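So the structure is just underneath, and the comments pick up after that.
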Amino acid sequence: MEKLIINGASSLNGEVIISGAKNSSLPILAATILAEGTYNIDNIPALRDINTMFKLLENVGVTSSFQNNSAVIDNTGTNVYEAPYELVKTMRASIVLLGPLLAKKGKAKVSLPGGCAIGERPVDLHIAALEKMGANIEVKDGYIFAECPRLQGVEIVFDKVTVTGTENIMMAAALANGTTILKNAAQEPEVVDLADFLRKMGADIEGDGTNTITIKGKDKLHSANHSIMPDRIEAGTFLCAVAGVGGDITLKKCPVHTMDAIIEKLRLAGLEINVIDDETINAKMHGQIKAVDVKTAPYPAFPTDMQAQFMAVMLKSNGVSVINESIFENRFMHVPEFKRMGADITLNDSNAVVKGVPSFSGAPVMASDLRASAGLVIAALMAEHGSSVHRIYHLDRGYEGFEVKLNKLGANIERVKDNE
Ligand code: EPZ
């Protein structure tokens with residue numbers, strides 16, 4: 001295992017290039033199951049979860065060669081349809097294989113993802129939708145067994161907004177018989193990026209990016225090429241870093257048009273944000289951080305994946321910030337770690353009440369989930385003296401060279417072995 005040794009940073013200055021979006025790459029890679037042929041996909045971030053997805057695809061006859069953030073993918077068409085536990089257990093997002101495997105092969109055997117640190121993470125909405133499309137689904141021995149010679153287009157109203165649920169059913173519907181209408185669908189930009197890719201494969205999809213998506217099923221799709229959209233959460237994480245520490249940074253290859261809620265809240269916190277063009281943002285922070293309340297909600301509202309990073313900024317605000325986490329039931333694991341550093345936070349139900357303090361000390365802290373670990377790194381940069389962040393494999397699941405990019409901006413972070 002490894003840890004990061006982080007010295008407090010005086011300020012961050014310079015340029016950072018934003019990587020491709022993990023949460024767009026994962027469903028798009030799964031979509032290559034839907035049609036035989038060769039695909040060229042670039043701007044894929046080099047992350048642990050991406051490697052896991054490549055292994056899962058290999059298991060069902062979709063091979064890939066991945067270098068310099070580009071993958072050449074060959075779907076040679078086999079009749080293997082299983083996503084095994086030993087791979088799925090490390091990445092909950094593996095559930096996005098269920099729809100494509102069932103639609104293309106008429107069968108799917110996908111391990112139940114199991115919960116993770118931030119919550120139980122059920123997949124009941126995915127299963128209910130596929131059953132409504134005619135699938136025969138049994139959940140036993142920790143696996144989802146699904147079978148259906150050909151799915152039938154239907155109208156589906158999701159009880160809750162689910163990002164991978166929307167993505168799974170959109171992919172399944174692309175090969176269904178007839179039209180599928182998804183209501184209360186997720187509007188995340190990553191859903192739109194997937195829809196763009198499916199249209200390049202010949203799918204007929206309209207309404208992505210709104211809460212109602214219509215998919216007219218086709219008998220067959222074909223391979224296609226694509227460039228993954230940039231990662232709005234990584235971009236937002238760097239904006240939080242400079243807001244917390246101070247300085248002047250410019251984000252390049254940034255998905256500016258998908259970041260309104262993040263930009264709005266950080267401007268209220270005192271970050272001076274200038275949009276240079278549709279993929280470049282400059283952000284300057286000089287002076288006091290202002291306390292701002294935030295409530296996480298589905299896109300286009302403030303993303304739950306930015307909650308821990310924003311909370312880090314609020315630790316040194318000039319007042320009291322109430323942060324409400326409305327998506328996941330247990331996404332405050334970073335709070336006890338922030339408190340070990342000297343932060344003043346009170347939890348009640350889904351609210352974290354953060355009282356800004358003028359300064360706080362560094363400390364050895366433990367990462368618990370992907371985005372919480374980014375929040376801990378930001379807090380460590382804001383702290384008076386050295387911190388160490390342990391179990392940074394969480395960080396490596398979602399951030400490509402995070403400490404390398406921060407050190408280029410003037411931070412002083414060292415990655416070392418952790419004989420914890
Ligand atoms: C996606 O997870 C993202 N992952 C998550 O990012 C993100 O936090 C989440 O959406 C919310 O934006 C990927 O895209 C790979 P949901 P997902 O289904 O799809 C409940 C990261 O850091 N729900 O939108 O799994 C669920 O429990 C990750 O990159 C059901 O009850 O999230 C949650 O409370 C973390 N039944 C809410 O809906 C279901 O069948 C939203 O979950 C499905 C979901």
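Keep in mind that this is a model prediction, so the values were computed, not measured. The first residue of the sequence shown is numbered 1, and numbering continues consecutively from there. In each ligand, atom 1 is the first atom listed, and ligand 1 is the first ligand listed.
With a 4.0 Å heavy-atom cut-off, ligand 1 is reached by the backbone of His126 and by its side chain too. Contacts between Thr164 and ligand 1 below 4.0 angstrom, taking non-hydrogen atoms only, involve backbone and side chain alike. The backbone of Val161, and not its side chain, has at least one atom closer than 4.0 Å to an atom of ligand 1 (non-hydrogen atoms only; backbone = N, CA, C, O). When heavy-atom distances to ligand 1 are checked against a 4.0 Å cut-off, Asp124 comes that close through both its backbone and its side chain.
Between the side chain of Lys218 and the main chain of Asp204, no donor-acceptor pair closer than 3.5 Å is present. A donor-acceptor pair under 3.5 Å is absent between the side-chain atoms of Ser350 and the main chain of Asn324, judged by distance alone. For the pair Asp231 (side chain) and Ser19 (backbone), a donor-acceptor distance under 3.5 Å is absent. At least one donor-acceptor pair closer than 3.5 Å links the side chain of Ser326 to the backbone N or O of Thr296. Proximity of a side-chain donor or acceptor of Lys105 to a complementary backbone N or O of Pro100 within less than 3.5 Å is not detected.
Thr250 and Glu15 are not linked by any side-chain donor-acceptor pair at a separation below 3.5 angstrom, with hydrogens and angles left out of the test.
Contact atoms of ligand 1 toward Val123: 39 (C), 40 (O) (distance under 4.0 Å to a heavy atom of the residue). Close approach of ligand 1 to Ala93 is summarised as follows: ligand atoms under 4.0 Å from at least one heavy atom of the residue are 15 (C).
When each of Asp42, Asn40, Asn43 is tested with Ser227 by the rule side-chain hydrogen bond (donor to acceptor under 3.5 Å, both in side chains), just one qualifies, namely Asp42. For the side-chain contact (heavy atoms from CB on, under 4.5 Å) with Ile413, the lone residue among Val389, Leu381, Val404 that qualifies is Leu381.
Ligand 1 is approached by Arg331 to a heavy-atom distance shorter than 4.0 Å. Residue Gly165 places no heavy atom under 4.0 Å from ligand 1. Taking a 4.0 Å cut-off on heavy atoms, Glu329 fails to register as neighbouring ligand 1.
Rounding to the nearest 0.5 Å gives a distance of 10.0 Å between NE2 of His257 and CZ of Arg232.
Residue Asn23 places at least one N or O, backbone or side chain, under 3.5 Å from an N or O of ligand 1. Polar contact with ligand 1: absent for Leu26 (N/O pair, distance under 3.5 Å).
Summarising the contacts of atom 5 (C) of ligand 1 with Thr166, Asp305, Asp369, Val163, the nearest heavy atom is found in Asp305. Among Val96, Thr296, Thr304, Ile127, the residue whose heavy atom lies nearest to atom 12 (O) of ligand 1 is Thr304. Residue Pro122 holds the heavy atom nearest to atom 43 (C) of ligand 1 of all those in Ala372, Pro122, Ala129.
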